[in-house]
Amino acid sequence: MTTFASGTDTLTRDALTVLQPGFTGTTAPDWLLRRLGEGLASVGLFGRNIATPEQVAALTAQLRAERDDVLVAIDEEGGDVTRLEVRTGSSFPGNYALGAVDDVELTRDVAAELGRRLAACGVNLNWAPSADVNSNPANPVIGVRSFGADTALVARHTAAYVTGLQSAGVAACTKHFPGHGDTAVDSHHAMPRIDADASVLAERELAPFRAAIAAGSRAVMSAHILVPALDPDHPATLSRTVLTDLLRGELGYTGLIVTDGMEMQAIAATYGIERGSVLAIAAGADAICVGGGLSDDETVRRLRDALVAAVRSGELPEARLAEAAERVRELARWTATVAPAADGAGREDIGLVAARRALRLTAPSPFTPLTEAPFVAAFTPVANIAVGDETPWGVAAELARLLPGTETGGYTGEDAARAALEAAGDRRVVAVVRDEHRHPWMAAALDALLASRPDTVVVEMGVPQAPSRGALHIATYGAARVCGRAAAEVIAGE
């Protein structure tokens, strides 16, 4: 049983308990272990903390040696957003591909296998799945992280994902409440706004969250978005109307409410992280996620002190902070007592199976697989912060395995097509794009490339909104490593 450091009063312990901070390094720093002894109850892992599954298991064991009931959280959606496989690309295709297949048993099995791998590493809280309905194709931050644009599809797959993940003993954290799909702004950079009326929100945005709650999702993550139909003055993370009246009251949710990262500019640039954290807890949030960008002891101290000061000044009711802290402990108790489903060792290949099933192929005439090494031209957009730029993507590595001698180059901007053609020489070209419809330069580069080389194979690894073209057009519905492998198998005739 964890023994707290003497001298840490109840108020201070509660303030620490509601924080979910990050840190740097692949072992736990001394300050983090000390805070666990003082009452910190959760730790978030990011790509910078991960080298191998064995290293992560040793790290989580180090944390539990200090506090046996610690919640170890991670942002492991699979697909484009992976932390466990940040340097190789994910073994799972991600939500959009699963939605394209539309087999809820497959989604449940994929989530269960992902959960098994997390549990084996000592992770017991996953900030996933995304339950956002991607109704705006121009959305710069959700896209393939969503199961799709159809509300009913997103709802049934969200429920299946929650069920599968939690069958492995890992708590799901369904996000981003009340729905981030109909936005054109990335909340990492600024405050998005959804102007849909309340009836549309109820039928579209909220349906997947209702399904997640019915499936028993142990946590829900709030979105840093302004939804005037619900609250014209406060973003959802800071809105009592959204978190307490709607999520708790109308939807009947009783689990943990976690904020999205408080250092994201939608909150930090407007309220600051200290003020934002106080307002979030007051509004009904139970846990403050911070650490994607700010990952040091000073951040923990600042937020702890802000919460304590708010209670002492009367701005934040002490009972509200105590209630939030108790919900954190309640989730920790669940993770300690839940038994993973006894259904065998899982399926190591389930992610690749799903990626293969998700492929959509379009060809104007029968396609003859390549037998000689091609040149892969990757038209590379700037990655959003959720995805990050550390994780490799594309088909080049997998094609090089199947067709040795394959070469590749990454291109962007107005000169992309000319540079790609020059590098390709007389080799067959495979053009890889990601959300072509959102990047005019990318569409122009593909136009120019196909005008010169109509036998080009086109692989779309984002949301496939642009018309199919090329000798073969492959939509993978995501850019995970297994999506690239599935596409490469088709190109090479495997």
Side-chain angles (χ1 to χ4, degrees), residues 1-76 83-84 86 118-119 121-127 170-171 173 219 256 258-264 268 273-274 277 281 285-308 321 324-325 327-329 331-333 335-336:
M1 206 60 177
T2 299
T3 302
F4 291 114
S6 59
T8 307
D9 61 88
T10 300
L11 175 57
T12 301
R13 280 205 305 272
D14 284 351
L16 284 169
T17 296
V18 302
L19 303 181
Q20 293 190 344
F23 62 97
T24 57
T26 53
T27 59
D30 290 342
W31 69 261
L32 183 63
L33 298 175
R34 184 177 71 254
R35 294 300 186 195
L36 288 170
E38 293 170 353
L40 186 69
S42 309
V43 175
L45 301 185
F46 297 86
R48 61 176 179 258
N49 305 123
I50 293 168
T52 65
E54 295 76 18
Q55 168 266 324
V56 178
L59 168 59
T60 58
Q62 185 187 14
L63 297 172
R64 290 202 168 87
E66 192 63 44
R67 177 165 185 162
D68 52 13
D69 62 345
V70 65
L71 289 170
V72 181
I74 198 169
D75 196 6
E76 182 57 57
R83 306 297 178 240
L84 207 56
V86 64
L118 291 173
C121 294
V123 174
N124 54 11
L125 171 60
N126 190 9
W127 293 317
V170 176
C173 182
L256 189 76
V258 184
T259 72
D260 207 345
M262 294 303 287
E263 66 268 60
M264 293 165 63
I273 63 168
E274 295 98 333
S277 296
I281 297 294
D286 305 306
I288 301 295
C289 176
V290 65
L294 300 171
S295 52
D296 55 12
D297 189 34
E298 177 65 10
T299 299
V300 172
R301 185 196 63 77
R302 286 166 58 194
L303 296 185
R304 178 203 65 187
D305 290 353
L307 292 167
V308 169
L321 180 62
R327 281 211 183 91
V328 175
R329 298 181 192 113
L331 180 59
R333 288 193 291 270
T335 63

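Remember, predicted model here, so these are calculated numbers, not experimental data.
- Residues Leu33 and Ala28 approach most closely at CD2-CB, 3.9 Å, considering heavy atoms.
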Exercise for the section: Evaluate side-chain contact (heavy atoms from CB on, under 4.5 Å) for Ile288 paired with Ile281, printing each intermediate quantity in order. Expected result: CA-CA 8 Å; Ile288 301 295; Ile281 297 294; 4.0 Å; yes
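- At least one donor-acceptor pair closer than 3.5 Å links the side chain of Gln55 to the backbone N or O of Thr26.
- The minimum heavy-atom distance between Thr60 and Gly122, with the atom names listed, is OG1-CA, 3.5 Å.
- Listed by chain and number, the residues in a salt bridge (charged side-chain N to carboxylate O under 4.0 Å, His left out) with Glu298 are Arg301 (sequence neighbours excluded).
- Under the 3.5 Å distance criterion, the side-chain polar atoms of Arg67 are matched with a main-chain donor or acceptor of Leu40.
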Exercise for the section: Apply side-chain contact (heavy atoms from CB on, under 4.5 Å) to the pair Leu71 and Asn124, showing each step before the final yes or no. Expected result: CA-CA 6 Å; Leu71 289 170; Asn124 54 11; 4.0 Å; yes
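- Here CD1 of Ile273 is found 8.0 Å from CE of Met262. Values are rounded to the nearest 0.5 Å.
- No side-chain heavy atom of Arg333 sits under 4.5 Å from any side-chain heavy atom of Asp69.
- Glu66 contributes no side-chain N or O that, together with a main-chain N or O of Arg34, makes up a donor-acceptor pair within less than 3.5 Å.
- Between Thr27 atom OG1 and Leu59 atom CG the span is 7.5 Å, to the nearest 0.5 Å.
- One distance of note links CG of Leu45 with CD of Glu76; it measures 11.0 Å at 0.5 Å rounding.
- Using a distance-only test at 3.5 Å, with no hydrogens or angles considered, a donor-acceptor pair links the side chain of Asn49 to the main chain of Gly25.
- For Asp14, the side chain to side chain donor-acceptor pair (under 3.5 Å) partners are Arg329, not counting sequence neighbours.
- Considering only heavy atoms from C-beta on, Pro21 stays 4.5 Å or farther from Arg35 through its side chain.
- With contacts defined as side-chain heavy-atom distances shorter than 4.5 Å, the pair Leu36/Leu63 qualifies.
- A donor-acceptor pair is defined here as one N or O able to donate and one able to accept, closer than 3.5 Å; such a pair exists between the side chain of Arg48 and the backbone of Phe23.
- How far CG of Leu11 is from CG of Leu307: 9.0 Å, rounded to the nearest 0.5 Å.
- Without hydrogens or angle criteria, Thr17 side chain to Ala41 main chain gives no donor-acceptor distance under 3.5 Å.
- When all heavy atoms of Cys289 and Val258 are compared, the closest pair comes out as CB-CG1, 4.1 Å.
- At least one side-chain heavy atom of Leu303 sits less than 4.5 Å from a side-chain heavy atom of Glu274.
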Problem - side-chain contact (heavy atoms from CB on, under 4.5 Å) assessment of Leu19 paired with Val290 - result: CA-CA 8 Å; Leu19 303 181; Val290 65; 5.6 Å; no
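- Shown here for Leu84 and Cys121, the closest heavy-atom pair between the two residues is CD1-SG, 4.1 Å.
- Residue Asp296 holds its CG atom at 8.0 Å from OG1 of Thr24, rounded to the nearest 0.5 Å.
- Side-chain contact between Ile74 and Phe46 is absent, with no heavy-atom pair separated by less than 4.5 Å.
- Between Ala171 and Leu331, the shortest heavy-atom contact is CB-CD1, 3.8 Å.
- Trp127 has its side chain within reach of Gln20: a pair of non-hydrogen atoms, C-beta onward, lies under 4.5 Å apart.
- Here the straight-line distance linking atom OG of Ser42 with atom CG of Leu256 works out to 7.5 Å at 0.5 Å rounding.
- Leu321 and Ala15 make their closest contact through CD2-N, 4.1 Å (heavy atoms, listed as atom of the first residue, atom of the second, distance).
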